There are 2 protein chains.
Amino acid sequence: MKRPTIADIARRAGVSKGAVSYALNGQPGVSEATRKRILAIAQEIGFNANSAARALSGARARAVGLTLCRPARILGIEPWFMGLISGFEAELGAQSYALTLQVVASPEQEVEVYRRWWGERRIDGVIVTDLRENDVRIPVLQQLQLPAVVLGGSGEAGGVTQIWSDDGGAITEAVRYLVALGHSRIARVSGVPDLLHTQVRTKAFDQVCASLGLGEALTVPADYTGEEGSRATRRLLIGGDRPTAIIYDNDVMAVAGLAVAQEMGLSVPGDLSIVAWDDSPLCSLVHPSLTALSRDVSGYGAQAARELLNAIDGKKVGNVKAQTAHLTPRGSTAPPRS
Amino acid sequence: MKRPTIADIARRAGVSKGAVSYALNGQPGVSEATRKRILAIAQEIGFNANSAARALSGARARAVGLTLCRPARILGIEPWFMGLISGFEAELGAQSYALTLQVVASPEQEVEVYRRWWGERRIDGVIVTDLRENDVRIPVLQQLQLPAVVLGGSGEAGGVTQIWSDDGGAITEAVRYLVALGHSRIARVSGVPDLLHTQVRTKAFDQVCASLGLGEALTVPADYTGEEGSRATRRLLIGGDRPTAIIYDNDVMAVAGLAVAQEMGLSVPGDLSIVAWDDSPLCSLVHPSLTALSRDVSGYGAQAARELLNAIDGKKVGNVKAQTAHLTPRGSTAPPRS
DNA sequence: CTGAAAGCGCTTACAG
DNA sequence: CTGAAAGCGCTTACAG
């Protein structure tokens, strides 16, 4: 059950290994007739080029890397990463690139993984998520000259392609919508404050609240888990002057917030309106279904993969703006009960 | 910025490349002093062995493959796969094996991916989930002699290591618990009927219902998505003699079922008790939190990875029984309101 | 214990 | 258009 090599094909076709390689890779150097014959033989014997040999001869590893830096308990439940992964694959699969995955515990460990992967030539590039302020990963990517695409920030990663979306615009839309419904006490439960996109959202939230005269904009920081989402929600709801609407930075925390409200005997949306960021099937799973800021996560992933393949090919590197999230109203928002 | 090779180390250490290889791989053939010196140099210059060269010289690819065969919309939300992946990684990372991922649409496409990966020598083995009756993947694994571990069935995959758990026992426990609470009309919303473990569960459910004199056991088949979970639940609840308890084959459908009950004005657990299979953070996220059949999914994944590494090393292959899921009572189950 | 050499399966200049 | 050959960076028998 020895796996066939180009030598086997060459022998059967009566040509050299070089010719087989040219034929298989669509390079000039073989006649059309020979190419056809070679391809037919390859097909017939089920030939797949040994990826190691290919990578070793200077070609690509034909794989890209992704690290997942979240505690296991949140990884499984937050639809975001899987949506992203589906998107990557749609693009990578088409070019028969493989996706190599690694769960890590911190940005520092992530850096180690990048060094190792790149040193091993195991991957041709990486997709970097959760950009932070003064991110330790950026200088390493530059030092290694490792092709990369960074998601979630803009302008902080010199020389590395970035993809970002207008989160400030999206949150502004959400607040305006709630205000139009009649809300004036609007709070927010945010994701990890170190993340650049959290900061962008917080700033925009502050600004729109101020410009609409809503008084101090209250953001309670959390970490995307249900536990912290519940805790933050309780903290907001037990106060005297409790908010009539809460915007959550992810779907998981929004669902947890809904459960807390129900547990406290508050009706949603009667007593409390809820908006979730990053719409996902989870938002439609609960009752009432959650109004959400939607965007095409797997489209975003596909776009990221496309940019990464460009970067690997040494093509242009730059700042790419993705679609802005838009509001999808569902059952969790309504005018506040007066 | 050329990445260092063993030749660089050999030059600096004043030894042959062979000696460097032996030292790095803990093989006999170099003195302890030389080994120390070589390792120090490797460390200093940040050496990582080129994985392609390694794989090409007959060694392992040091990667294993996993395909995900679910529609994108369910992949992101079902915690099961990510839990499994965390578990794999805990084990694979320790041995510095990489995990290669691919989303596929069908078992047939999965087979193609296996053929390609193996042909390319891109992976050393695969983890196979969702075993079916007369699964098309099994004969291919055997034909390719591709090391594999199969999850979710027992006894159907000659020559391939299998990991399974006693799902029949678990569902029996759940039914007995509900009966003890006073329920007699218990229904079930199952996962995809083709899957072997679904069949095991259905059979056990039928048996325990019969043995407890509950009359005909009603199982409505679904596909793990929230949509089908809702549909199945509605079908069960609009009937005249509606069940007082429903057992769901995954957490997502259980949450969807809860939403349907709430939407129909039924109280959970007053009018309807709900049991979810495969406990996950999702079950604790909603209100009331869901009683569930729990097991250590990432432990299961780690066990699978360990068996696969054994299989790759040519070690014993066999049937491994994993932990049986146990009941974790929460707020969604109670005696039926009479 | 150590060195020189072959070989893994490709790709790619370099001659014909 | 085609063939023969070098080389990618390792591992591993095979001599010393």
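Naming: A, B, ... by sequence-line order, numbering from 1 per chain. Predicted, not measured: the structure shown is a model, and the values here were computed from it.
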Q: Anything under 4.0 Å to a heavy atom of chain A counts; send over the first and last such nucleotide of DNA chain D, read 5' to 3'.
A: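 For DNA chain D, the relevant span reads D:dC1 to D:dG9.
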
Q: Among all residues two or more places apart in sequence or in another chain, which pass the side chain to side chain donor-acceptor pair (under 3.5 Å) test with B:D124?
A: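 With sequence neighbours excluded, B:D124 shows a side chain to side chain donor-acceptor pair (under 3.5 Å) to no residue whatsoever.
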
Q: Looking at A:R60 and A:D313, is there a salt bridge between them, counting it only when a charged N and a carboxylate O are closer than 4.0 Å?
A: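 Looking at A:D313 and A:R60, the cut-off is met.
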
Q: Would you please name every residue forming a side chain to side chain contact (heavy atoms under 4.5 Å, CB included) with A:T100, sequence neighbours left out?
A: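 Per chain and number, A:T100 pairs via side chain to side chain contact (heavy atoms under 4.5 Å, CB included) with A:A63, A:W117, A:I123, B:A98, B:T100.
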
Q: Can you list, by residue number, the residues of residues 37-45 of chain B that have a non-hydrogen atom closer than 4.0 angstrom to DNA chain C?
A: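 Output list: empty, so none.
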
Q: With no hydrogens and no angle check, just 3.5 Å: does a side-chain donor-acceptor pair link A:E307 and A:T161?
A: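 Distance-only check fails for A:E307 and A:T161.
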
Q: Holding to side chain to side chain contact (heavy atoms under 4.5 Å, CB included), I want the full list of residues that pass it with B:W164, two or more places apart in sequence or in another chain.
A: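 B:S154, B:N319, B:K321.
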
Q: Restricting to side chain to side chain contact (heavy atoms under 4.5 Å, CB included), what partner residues turn up for A:D135, sequence neighbours left out?
A: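 Listed in chain order: A:L131, A:R132, A:R137, A:I138.
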
Q: Expected output check: what is the dot-bracket annotation of DNA chain C, where ( ) and [ ] are pairs inside the strand (brackets for crossing ones), | is paired with another strand, and pairs are Watson-Crick or G-U under 3.5 Å?
A: |||.||||||||.|||

Q: Hey, can you pull the donor-acceptor pairs under 3.5 Å for the side chains in residues 39-52 of chain A, sequence neighbours left out?
A:
| from | atom 1 | to | atom 2 | distance (Å) |
| --- | --- | --- | --- | --- |
| A:E44 | OE2 | A:R12 | NH2 | 3.1 |
| A:N50 | OD1 | A:A52 | N | 2.7 |
| A:N50 | OD1 | A:A53 | N | 3.0 |
| A:S51 | OG | B:E120 | O | 2.9 |

Q: For residues 19-29 of chain B, pull every pair meeting salt bridge (charged side-chain N to carboxylate O under 4.0 Å, His left out), keeping only residues two or more places apart or in separate chains.
A: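 Listed by first then second residue: nothing to list.
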
Q: Residues of residues 13-28 of chain B with any non-hydrogen atom less than 4.0 angstrom from an atom of DNA chain D: list those, numerically ordered, please.
A: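 B:K17, B:G18, B:S21, B:Y22, B:N25 - these, ordered by number, are the residues of the stretch whose heavy atoms sit under 4.0 Å from the strand.
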
Q: Please work out which of the three classes, parallel, tilted or perpendicular, describes the rings of A:Y300 and A:W80, given edges at 30° and 60°.
A: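 A:W80 and A:Y300: tilted rings.
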
Q: Considering residues at least two apart in sequence or located in another chain, which fulfil the side chain to side chain contact (heavy atoms under 4.5 Å, CB included) criterion with B:T129?
A: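 B:T129: side chain to side chain contact (heavy atoms under 4.5 Å, CB included) contacts with B:L66, B:F81, B:L84, B:L151.
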
Q: Which part of the nucleic acid does A:T34 contact within heavy-atom distance under 4.0 Å: base, sugar-phosphate only, or nothing?
A: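 Sugar-phosphate, backbone atoms only, no base.
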
Q: Only one of A:R116, A:E112, A:E110 forms a side chain to side chain contact (heavy atoms under 4.5 Å, CB included) with A:Y114, so which one is it?
A: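 When side chain to side chain contact (heavy atoms under 4.5 Å, CB included) is applied between A:Y114 and each of A:R116, A:E112, A:E110, only A:E110 qualifies.
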
Q: Residues in side chain to side chain donor-acceptor pair (under 3.5 Å) with B:Y97, at least two apart?
A: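 Scan of B:Y97 (side chain to side chain donor-acceptor pair (under 3.5 Å), adjacent residues dropped) gives none.
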
